[in-house]
Amino acid sequence: MKNDSNPIIRSEEITIDMHICAALSESGGSGETYFAAIAPDMELTVITLDEAPDILPCFDEDDAYLNIPDSSLLLSYNPAQVLKLAGKHYLTGPVILVRTNMDGEFISLTIDQVYLFQKYLMRHSVTLMADGQKLPCICME
């Protein structure tokens with residue numbers, strides 16, 4: 001009897017929820033464009049293009065992009081939610097991970113790209129303290 005009580009994939013220190021794997025594997029023929037999103041009050045999740053403005057209201061209007069080094073992946077964020085502290089810049093609000101093709105059109109992420117993003121988050125996520133409150137951030141440098 002197979003035990004499916006732990007629906008996650010683990011590799012080194014990276015954990016990918018099976019719901020993310022399922023959504024991305026089903027996206028092949030659906031015509032939907034899938035991104036990944038994370039916010040201080042939300043775990044990493046897969047979203048569709050239609051859901052992006054619910055997470056990041058300025059998505060594809062007034063937002064900015066940060067290229068993840070050595071990849072075709074971009075972090076979409078609201079420039080008003082960048083904190084500059086001690087010469088470094090920190091993303092303090094929600095971010096959406098997107099991928100574009102050569103024409104600049106959004107295309108769906110793959111599970112490998114979500115894994116790459118989680119590795120990026122492991123290296124760049126920090127928690128700052130402000131007025132006794134913890135502020136989870138992503139260091140842009």
Side-chain angles (χ1 to χ4, degrees), residues 2-141:
K2 188 175 177 183
N3 182 359
D4 291 327
S5 63
N6 190 9
I8 53 178
I9 294 175
R10 294 183 189 276
S11 173
E12 300 165 7
E13 296 296 318
I14 305 292
T15 302
I16 299 176
D17 188 288
M18 288 302 292
H19 294 95
I20 292 173
C21 295
L24 293 176
S25 67
E26 292 173 7
S27 70
S30 71
E32 285 280 357
T33 302
Y34 287 91
F35 304 137
I38 193 166
D41 59 348
M42 179 181 82
E43 290 187 26
L44 182 65
T45 190
V46 171
I47 62 170
T48 63
L49 176 60
D50 293 338
E51 295 170 312
D54 295 336
I55 307 288
L56 187 61
C58 64
F59 181 76
D60 205 27
E61 292 175 9
D62 198 23
D63 52 348
Y65 294 97
L66 173 69
N67 180 255
I68 293 184
D70 303 320
S71 77
S72 61
L73 303 174
L74 301 169
L75 278 182
S76 177
Y77 64 94
N78 182 343
Q81 293 181 312
V82 174
L83 174 68
K84 185 175 181 182
L85 183 66
K88 291 190 177 189
H89 296 84
Y90 298 92
L91 298 173
T92 61
V95 297
I96 297 177
L97 179 70
V98 300
R99 178 173 75 136
T100 59
N101 62 17
M102 296 299 275
D103 296 324
E105 300 166 330
F106 292 127
I107 55 177
S108 282
L109 296 172
T110 66
I111 196 66
D112 292 338
Q113 290 160 335
V114 173
Y115 176 77
L116 179 67
F117 181 49
Q118 285 190 299
K119 286 176 61 174
Y120 177 84
L121 288 173
M122 281 182 52
R123 292 188 305 270
H124 291 86
S125 293
V126 296
T127 301
L128 301 175
M129 294 297 290
D131 295 328
Q133 299 291 320
K134 292 182 180 180
L135 181 63
C137 304
I138 299 172
C139 182
M140 296 175 75
E141 279 82 33

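This one's a predicted model, so the numbers in the text were calculated from it and none came from an experiment.
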Contacts of Y90 that satisfy ring pair (Phe, Tyr, Trp, His ring centres under 6.0 Å) - sequence neighbours left out: none
Donor-acceptor contact below 3.5 Å, side chain N78 vs main chain A80: yes
F106 and Y65 aromatic ring geometry - parallel, tilted or perpendicular at 30°/60° bounds: tilted
Taking every non-hydrogen atom, the tightest pair across E43 and I38: C-CG1, 4.2 Å
Donor-acceptor contact present, side-chain S125 to main-chain P136, <3.5 Å: no
Validation row: D54, F59 side chains within 4.5 angstrom (heavy atoms): no
Non-hydrogen side-chain atoms of L91 and H124 separated by less than 4.5 Å: no
More than 12 heavy atoms of other groups within 6.0 Å of Q133 CD: no
Student check: side-chain heavy atoms of T48 and Y34 closer than 4.5 Å: yes
4.5 Å side-chain heavy-atom contact, L109 and V46: no
Spatial distance of atom OG (S76) from atom CG (L56) [nearest 0.5 Å]: 5.0 Å
Considering all heavy atoms, the nearest P94-P40 contact: N-CD, 4.0 Å
pair R99-S71: side-chain heavy atoms closer than 4.5 Å: no
Whether over 12 other heavy atoms sit under 6.0 Å from D131 CG: no
Any L75 side-chain heavy atom under 4.5 Å of L97 side chain: yes
Check: V95 and L66 side chains under 4.5 Å, non-hydrogen atoms: no
Donor-acceptor contact present, side-chain T92 to main-chain Q81, <3.5 Å: yes
Close side-chain approach of F117 to Q113, heavy-atom, < 4.5 Å: no
Enclosure of D70 CG (heavy-atom neighbours >12, cutoff 6.0 Å): no
C139: which of R123, H89, K88 passes side-chain contact (heavy atoms from CB on, under 4.5 Å): K88
Euclidean distance, I68 CD1 relative to L116 CG, rounded to 0.5 Å: 6.0 Å
